[in-house]
Amino acid sequence: MKIEQIYTGCLAQGAYYIESNGEVAIIDPLREVKPYIEKAEDDHAKIKYIFETHFHADFVSGHITLAKETGADIIFGPQANPSFEAVIATDGQEFKLGDITIIALHTPGHTMESTTYLLRDKDGKDHAIFSGDTLFLGDVGRPDLAQKAAHMTQEQLAETLYDSLRNKIMPLADEVIVYPAHGAGSACGKNMMKETVDTLGNQKKMNYALRADMTKEEFVKEVTDGLLPPPLYFPLNVKMNKEGYADIDEILERGTKSLSPEDFEAIANETGAVVLDVRHQNEFVKGHVPRSIFIGIGGDFAPWVGALIADVQQPILLVAPEERIEETITRLSRVGFDNTLGYLEGGFEAWKSASKDYDTITSIPALEFKNTLEKEEVPVFDVRKESEFTAEHLDKATNSPLSFINDYLSDFPEDETFYVHCAGGYRSVIAASILKNRGIHNLIDIAGGFKDIKDVGIETTDYVCPTSLK
């Protein structure tokens with residue numbers, strides 16, 4: 001038996017490859033399925049099953065394409081209602097895979113079709129669970145993503161999740177290995193550990209949601225407290241996972257079309273495409289296509305695209321290093337953005353060489369900002385998360401979290417120059433690009449963010465440990 005976790009850091013997502021005696025199961029595959037097929041070929045094995053723990057909201061799964069390529073059955077848990085052919089397992093249904101058995105445990109609460117898959121080894125011993133978004137390490141799945149579909153409140157879903165954990169998962173042996181669908185950084189939970197594999201016994205000790213003496217009322221309060229609104233693209237990804245999508249090969253063929261500056265500009269004007277610049281922020285601030293949005297490929301690219309562009313149908317034109325075009329389109333498709341229309345051939349330098357107008361962002365080092373503060377009081381906007389801001393921030397700074405920056409547009413001064421910063425310089429340039437796209441140009445970015453602000457000795461509020469804020 002072989003179990004391999006295939007972890008994608010930018011999505012904080014874990015897919016799983018399981019092989020036994022020449023048969024393979026894939027759990028929660030990513031959109032691009034070639035790596036799974038190649039692994040099976042290397043093992044001289046056949047992909048038999050594709051198990052989905054639920055209809056994912058934060059990424060588009062590769063189940064449909066993988067089934068078409070391999071003939072494998074797609075397995076969902078009870079209450080799933082996909083628009084394509086799939087096996088809808090009953091609670092407790094067993095699936096033989098070589099010498100091992102995988103059992104569907106219906107664990108609703110995150111969503112109503114959420115299912116945990118229990119793996120029993122060749123001797124019939126419980127070995128591992130693949131818990132999807134039902135159980136994370138240090139946390140559980142948020143119970144507010146399925147409300148519309150289930151016609152339930154988040155409190156009712158949390159109550160259902162409480163029962164699932166205590167009736168289906170907590171009775172399992174402590175040595176059972178927990179393989180979750182996500183780790184720290186995912187928007188599907190709020191308190192995940194950085195580790196991606198653990199034992200159930202350790203989770204019973206470490207995970208607040210598995211506390212043995214916790215009442216249902218306490219659980220509901222803990223799980224629902226402090227939930228931020230889910231990213232706007234989440235329901236659109238659920239729809240794609242339930243109803244289907246185009247093969248990634250089609251997406252790549254359309255998106256990898258090279259465009260001259262003239263054609264690039266014409267298509268942008270004709271289609272209303274967002275010009276998405278994925279270069280490093282230091283390059284973007286020096287020069288970029290007017291009204292383009294910066295989201296660097298080097299950061300948490302896909303989730304930020306999903307949160308800030310939101311509409312997966314939005315046409316997109318790329319400014320990117322040529323060697324990273326295919327990677328960029330692939331990562332966009334992982335979160336459902338399939339409508340990339342092409343890229344600027346020769347990149348931004350070709351745009352400049354064609355004598356096209358371009359824009360810049362004024363960006364200054366923290367030391368220069370310190371000198372400014374010593375002379376005058378200026379408006380400062382901190383685009384980090386609320387929890388980061390609460391823990392420590394510049395006195396008199398205003399918190400305008402990047403995830404919801406469009407809700408804060410009226411807060412920015414119309415005529416007075418203001419300053420923006422984040423933790424290290426990535427998010428503040430994203431914010432600046434969005435503000436400039438909205439016609440707000442009277443801003444200055446603080447390069448290096450809060451880290452450099454502290455390093456140069458600018459006074460900040462006293463640090464409050466995030467755990468004490470709960």
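At distances below 3.5 Å, at least one donor-acceptor pair connects side-chain atoms of S333 with backbone N or O atoms of T330. Put simply, the side chain of Q203 gets close to the backbone of G138: a donor and an acceptor are under 3.5 Å apart. Judged by distance alone, with hydrogens and angles left aside, the side-chain atoms of S114 form a donor-acceptor pair with the main-chain N or O of T111 at under 3.5 Å. The closest donor-acceptor contact from the side chain of Y343 to the backbone of G255 lies at 3.5 Å or more, if one exists at all. Under the 3.5 Å distance criterion, the side-chain polar atoms of R331 are left unmatched by any main-chain donor or acceptor of E326. Remark: the backbone N or O of P108 is paired with a side-chain donor or acceptor of S164 at under 3.5 angstrom. With hydrogens and angles ignored, the 3.5 Å screen pairs a side-chain donor or acceptor of D311 with a backbone N or O of Q313. Using a distance-only test at 3.5 Å, with no hydrogens or angles considered, a donor-acceptor pair links the side chain of N437 to the main chain of R291. For the pair N399 (side chain) and F381 (backbone), a donor-acceptor distance under 3.5 Å is absent. The backbone N or O of V178 sits nowhere less than 3.5 Å from a side-chain atom of D198 that would complete a donor-acceptor pair.
More than 12 heavy atoms of other residues, nucleotides or ligands lie within 6.0 Å of CD in Q156, so this atom counts as buried by the packing criterion. When the shell of 6.0 Å around CD of E85 is examined, it contains 12 or fewer heavy atoms from other residues, nucleotides or ligands. Counting non-hydrogen atoms of other residues, nucleotides and ligands closer than 6.0 Å to CD of E327 gives a total above 12. The 12-atom threshold is exceeded at CG of L172, counting heavy atoms of other residues, nucleotides or ligands nearer than 6.0 Å. Other residues, nucleotides and ligands contribute more than 12 heavy atoms inside 6.0 Å of the CG atom of D42.
When all heavy atoms are compared, the tightest approach of A310 to L232 is CB-CB, 3.8 Å. Counting all heavy atoms, side chain and backbone alike, T196 lies closest to P180 at O-CD, 3.2 Å. A12 and S186 make their closest contact through CB-N, 3.8 Å (heavy atoms, listed as atom of the first residue, atom of the second, distance). Counting all heavy atoms, side chain and backbone alike, N237 lies closest to V312 at ND2-CG1, 4.0 Å. Residue A187 comes nearest to F234 through the heavy atom pair CB-CZ, 3.9 Å, listed as atom of the first residue, atom of the second, then distance. When all heavy atoms of C422 and V383 are compared, the pair lying nearest together is CB-CG2, 3.8 Å.
The CG atom of L97 sits 8.0 Å away from atom CD of E19, with the distance rounded to the nearest 0.5 Å. Atoms CG and CD1, on N282 and I361 in that order, are 11.0 Å from each other to the nearest 0.5 Å. In this structure, L210 CG and D139 CG are separated by 10.0 Å, a value rounded to the nearest 0.5 Å. Distance check, rounded to the nearest 0.5 Å: CD1 of I103 to CG of L119 gives 8.5 Å. Distance OG/S83 to CG/N241: 11.5 Å, rounded to 0.5 Å. Taken to the nearest 0.5 Å, the CG atom of L443 stands 10.0 Å off from the OG atom of S433.
Across Y16, Y36, F95, a single residue satisfies ring-ring contact (aromatic ring centres under 6.0 Å, His included) together with Y49, and that is F95. Partner of S61 under the side chain to side chain donor-acceptor pair (under 3.5 Å) criterion, out of H54, H56, E52: E52 alone. Between L318 and the choices I329, V274, L259, the side chain to side chain contact (heavy atoms under 4.5 Å, CB included) rule is met once, by I329.
Annotation: side chain of Y17 is not in contact with side chain of P29 (no heavy-atom distance under 4.5 Å). Annotation: side chain of H127 is not in contact with side chain of I100 (no heavy-atom distance under 4.5 Å). Using a 4.5 Å heavy-atom cutoff, the side chains of V420 and I444 are not in contact. Between V24 and I18 there is no side-chain heavy-atom pair separated by less than 4.5 Å. Between I293 and I434 there is a side-chain heavy-atom pair separated by less than 4.5 Å. The shortest distance between side-chain heavy atoms of L137 and M192 does not fall below 4.5 Å. Between I27 and T53, the closest side-chain pair of non-hydrogen atoms falls below 4.5 Å. The closest side-chain heavy-atom distance from F284 to I295 is not below 4.5 Å.
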Inset, instruction - Take F348 and E283 through the test side-chain contact (heavy atoms from CB on, under 4.5 Å) and record every step on the way to the result. - result: CA-CA 10 Å; F348 178 68; E283 296 178 87; over 6 Å; no

Inset, instruction - Carefully, step by step, assess Q13 and L30 under the rule side-chain contact (heavy atoms from CB on, under 4.5 Å). - result: CA-CA 9 Å; Q13 189 268 346; L30 280 185; 3.5 Å; yes

Inset, instruction - Decide yes or no on side-chain contact (heavy atoms from CB on, under 4.5 Å) for I267 and L317, but give the supporting numbers first. - result: CA-CA 9 Å; I267 292 173; L317 289 166; 4.1 Å; yes

Legend entry - From CA spacing to verdict: salt bridge (Lys or Arg N to Asp or Glu O under 4.0 Å), R427, E388: CA-CA 13 Å; R427 285 176 286 176; E388 295 173 276; 2.8 Å; yes

Inset, instruction - Assess whether side-chain contact (heavy atoms from CB on, under 4.5 Å) is satisfied between L118 and D126, documenting all intermediate values. - result: CA-CA 7 Å; L118 170 64; D126 294 348; 3.7 Å; yes

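By the 30° and 60° cut-offs, the orientation of the rings of F59 relative to H182 is perpendicular. Ring geometry, Y233 versus F337: the interplanar angle falls from 30° to 60°, so the pair is classed tilted.
Looking at K168 and T107, their side chains never bring a donor and an acceptor atom within 3.5 Å of each other. Counting only N and O atoms by type, the side chains of D277 and S292 include no donor and acceptor under 3.5 Å apart.
Checked against the 6.0 Å centroid criterion, the rings of F412 and F418 qualify as a close aromatic pair. Taking the ring centroids of Y117 and Y179, they lie at or beyond the 6.0 Å cut-off. The aromatic ring centroids of F130 and F51 lie 6.0 Å or more from each other.
Residues E265 and K356 are paired through a salt bridge, judged by an N-O separation under 4.0 Å between the basic side chain and the carboxylate. A salt bridge links D338 and R31; the closest N-O separation between the charged side-chain nitrogens and carboxylate oxygens is under 4.0 Å. Looking at D133 and R142, no side-chain N of the basic residue comes within less than 4.0 Å of a carboxylate O on the acidic one, giving no salt bridge. Taking a cutoff of 4.0 Å between a charged side-chain nitrogen and a carboxylate oxygen, E4 and K39 qualify as a salt bridge.
For R279 and F294, the positive end is not near the middle of the six-membered ring at less than 6.0 Å and at most 45° from its axis. Geometric assessment of K352 against the ring of Y358 yields a positive cation-pi assignment under the 6.0 Å and 45° thresholds.
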Side chains of residues 69-79: which donor-acceptor pairs under 3.5 Å do they make with residues two or more places apart or in other chains?
from : atom 1 : to  : atom 2 : distance (Å)
T70  : OG1    : L66 : O      : 2.7
T70  : OG1    : A72 : N      : 3.2

